[in-house]
Amino acid sequence: MPVITNIADLKRIYERRVPRMFYDYAESGSWTEQTFRENTSDFDQIRLRQRVAVDMTGRNTASQMIGQDVAMPVALAPVGLTGMQHADGEMKAARAAEEFGVPFTLSTMSINSIEDVAGYTNKPFWFQLYTMKDTDYVSRLIQRAKDAKCSALVITLDLQILGQRHKDLKNGLSAPPKLTPSTVANLMTKWTWGLQMLRAHRREFGNIVGHVDGISDASSLGAWTAEQFDPSLDWGKVEKLMNEWGGKVILKGILDAEDAKMAAKLGADAIIVSNHGGRQLDGALSSIRVLPEIMDAVGDSVEVHLDSGIRSGQDVLKALALGAKGTYVGRAFVYGLGAMGQAGVTKALEVIHKELDTTMALCGEKNVAGLSRDNLLVPADFGGRWA
Ligand SMILES: Cc1cc2nc3c(=O)[nH]c(=O)nc-3n(C[C@H](O)[C@H](O)[C@H](O)COP(=O)(O)O)c2cc1C
C-alpha cells in the first residue's frame, strides 16, 4: 500500500485504476479548459499570513453549514456518474462522508438511486436537482428526496445546457460503457474495477432508468441532458421549485454578484459560488476570484459556500478566510473513491482535514469561525479590473 500524503497521490492511483473514459470525464473542463485550470491556479496566487507565538492548543475545525453541524465545512459536491468511478460509488462516498461528519450531496445524474443511498446511510444527505422539461418527473424526484428524508435540496442553475468537454464526445462516454474496440482494450487493463462493477447494485442512472419513458439513449449523459434538461429555467421557476420542496435550499452555480443578490432575495438558505469545476462556461472567472465581490454584494443576507478548484485544506482555508461559510470538493473525493473506494474518500477527507487544521494553527487561528481576510495575503489586483 503506497503512503498517501496528499490529494495528488490519490489522483495518481485513481488514474491507474479507473477506465480512461471515466477518468477523462472527471478530469476535464469545457472547451479550452481555461476556467478549469484557473480554478486551481488562482488559489495559488493567494498566500497565507504566518503568525507565531500564538497558543494553538484546543483547535477545532467543526462548524455549521445551513445550520447543520459539520466536522469541517467541507461537503462532498454532487458528481454525476460517481457509481462508474467505483462500484456503488455514491453509497460508499455517502457513508464515508457520514462517518466523517460532513454532508454528502447526491447528484440527479447518479448511478445509485436516492433510495439506494438512503438505505445505506443513517444520516440525512443532500439531494442535487437538475431541472427537466418533464415537470411531473421533477415533482416525483422531489417527492423521492423528501421520502428519503434529504435535509437540503441543492438546485443547480448553471447547467441548463451541457458545456462541451471534448474527451467525452471522443470517448463516447456512457453508463455503462459501450463496448467498442477501444473501450474493451482499456477495460482489459482495469480488472479490479471490472470485477467490483460486476457486483455493483447498479450500472445505469439510478434516478432515471425505470422512472421515465421516451429517452432515446438512457445510457448517454449527453443525450439525456440535450433532450430532457429545461433550457427555460428562470428565477420564477426556481422560486416554484423552492416552494415545492419547502425545506432548506442551496442554489448552486452562482458566479455573478447580481445573481447572488437575486438568490438571496428569493430566500435561499445558501448559495454555492461555483463554475461547475470549469465544466460549463469556459472563459468564466474562477470561483475563488469572484468570491470577494459576491461577499461584498450579499453581506450576511445569505450563507455563501464555494466550490471549484479545491484540492487541499489550504484552499479550504483561503475560501473560508474570504468569507465562505462552507466549501465542497468534487474531484478531490472522486480521486479517492476511484483509487480506494470508501477508504479512499475517507482518506481524501482526512488529508484535507489535517491540512486545514495545520494551516489554521500556523496562521494563528484555533477555530474556523476565527478565520478572516487578515489571515491572507491577497494580490492587490486579485479581483482584476474587468470592464
Ligand atoms: C465528474 C463530475 C461530475 C459532476 N456532476 C455534477 C452533477 O451531476 N451535478 C452538479 O450540480 N454538479 C456536478 N459537478 C460539479 C460539482 O458539483 C462541483 O461543482 C465541482 O466538481 C467543483 O469543482 P472541483 O471538482 O474542482 O472540486 C460535477 C463535477 C465533476 C468533476
Side-chain angles (χ1 to χ4, degrees), residues 7-8 10-11 14 18 21-30 33 35-43 74-86 89-90 93 103-112 114 126-132 141 152-160 162-163 165 167-168 171 173 175 205-208 221-222 224-225 228-229 233 250-255 271-281 284 286-288 305-313 315-316 319 324 326-338 345 348-349 352:
I7 296 296
L10 290 169
K11 183 176 170 189
Y14 164 61
V18 174
M21 177 188 289
F22 301 117
Y23 173 85
D24 282 349
Y25 169 60
E27 207 44 31
S28 296
S30 51
E33 303 192 328
T35 301
F36 172 51
R37 286 189 300 277
E38 289 181 356
N39 276 339
T40 46
S41 62
D42 282 355
F43 269 108
V74 181
L76 301 196
V79 170
L81 283 83
T82 296
M84 282 289 127
Q85 305 289 359
H86 190 278
E90 289 89 359
F104 171 77
T105 319
L106 182 73
S107 164
T108 296
M109 303 308 291
S110 57
I111 302 297
N112 291 132
I114 300 175
W126 297 349
F127 180 66
Q128 176 265 324
L129 183 74
Y130 278 131
T131 48
M132 320 275 175
L141 262 182
L153 188 71
V154 177
I155 307 177
T156 297
L157 302 179
D158 61 1
L159 202 150
Q160 283 158 272
L162 191 66
R165 304 148 206 159
K167 287 180 206 149
D168 292 349
N171 290 335
L173 175 75
F205 291 108
N207 291 327
I208 295 171
L221 182 72
W224 170 264
T225 42
Q228 301 294 326
F229 280 30
L233 179 72
I250 302 173
L251 296 181
K252 176 171 187 281
I254 305 281
L255 213 57
I271 58 170
I272 310 179
V273 176
S274 168
N275 53 38
H276 217 102
R279 300 164 70 78
Q280 285 295 101
L281 180 61
S286 69
S287 297
I288 194 67
H305 299 171
L306 174 137
D307 77 19
S308 299
I310 293 179
R311 302 286 183 273
S312 68
D315 294 342
V316 171
T327 63
Y328 299 72
V329 284
R331 295 179 182 88
F333 96 79
V334 169
Y335 301 156
L337 180 74
V345 179
L349 290 169
I352 290 172

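For reference, positions follow the sequence shown, starting with 1. When a ligand or atom number is given, it counts from 1 through the structure's own listing order.
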- Note on the structure: Residues passing the side chain to side chain contact (heavy atoms under 4.5 Å, CB included) test with S107, sequence neighbours excluded, are P78, M109, Q128

- Message: Within the 4.5 Å heavy-atom criterion, are Y14 and L337 side-chain neighbours or not?
- Response: no

- heavy-atom search around atom 18 (C) of ligand 1 in the protein gives D307 OD2, 3.2 Å

- E90 side chain to T82 main-chain N or O, any donor-acceptor pair under 3.5 Å? yes

- Item | Within-shell test, E27 vs ligand 1, heavy atom, strictly < 4.0 Å | no

- Task: For A77, take its heavy atoms, then give the atoms of ligand 1 lying under 4.0 Å from any of them.
- Result: 16 (C), 17 (O), 18 (C)

- Task: Using non-hydrogen atoms of the residue, decide whether Y130 is closer than 4.0 angstrom to ligand 1.
- Result: yes

- Task: List every atom of ligand 1 that sits less than 4.0 Å from any heavy atom of G80, numbering the atoms from 1 in the order shown and giving each element.
- Result: 3 (C), 4 (C), 5 (N), 6 (C), 7 (C), 8 (O)

- Message: As an exercise, identify every atom of ligand 1 less than 4.0 angstrom from a heavy atom of R311.
- Response: 24 (P), 26 (O), 27 (O)

- Query: Is R279 reaching over with its side chain to a backbone N or O of R165, donor-acceptor style, under 3.5 angstrom?
  - Reply: no

- Message: Less than 4.0 angstrom from a charged side-chain N to a carboxylate O is my criterion; do E27 and K11 meet it?
- Response: yes

- Query: For atom 23 (O) of ligand 1, what's the nearest protein heavy atom and its distance?
  - Reply: S308 CA, 3.2 Å

- Message: I need the contact type for Q128 against ligand 1. Using non-hydrogen atoms and a strict under-4.0 Å cut-off, is it side chain, backbone, both or neither?
- Response: side chain

- Query: If we only count heavy atoms from C-beta on, is the L281 to D158 side-chain gap below 4.5 Å?
  - Reply: no

- Query: Heavy-atom distance to atom 26 (O) of ligand 1: which of S107, G309, G277 wins?
  - Reply: G309

- Closest candidate by heavy atom, reference atom 28 (C) of ligand 1, pool S110, P78, S274, A332: P78

- Side-chain heavy-atom pair T108, M132 within 4.5 angstrom cut-off: yes

- Query: Any nitrogen or oxygen of V79, main chain or side chain, under 3.5 Å from a nitrogen or oxygen of ligand 1?
  - Reply: no

- Between G330 and ligand 1, is there a nitrogen or oxygen pair with a distance under 3.5 Å? yes

- Please identify each residue that fulfils side chain to side chain donor-acceptor pair (under 3.5 Å) with T327, with sequence neighbours left out. none

- Query: What about T156: any of its N or O atoms under 3.5 Å from an N or O on ligand 1?
  - Reply: yes

- Message: Would K252 count as a polar contact of ligand 1, with the cut-off being nitrogen or oxygen pairs under 3.5 Å?
- Response: yes

- Message: Evaluate I288 against L306 for side chain to side chain contact (heavy atoms under 4.5 Å, CB included), listing each step before the verdict.
- Response: CA-CA 8 Å; I288 194 67; L306 174 137; 4.3 Å; yes

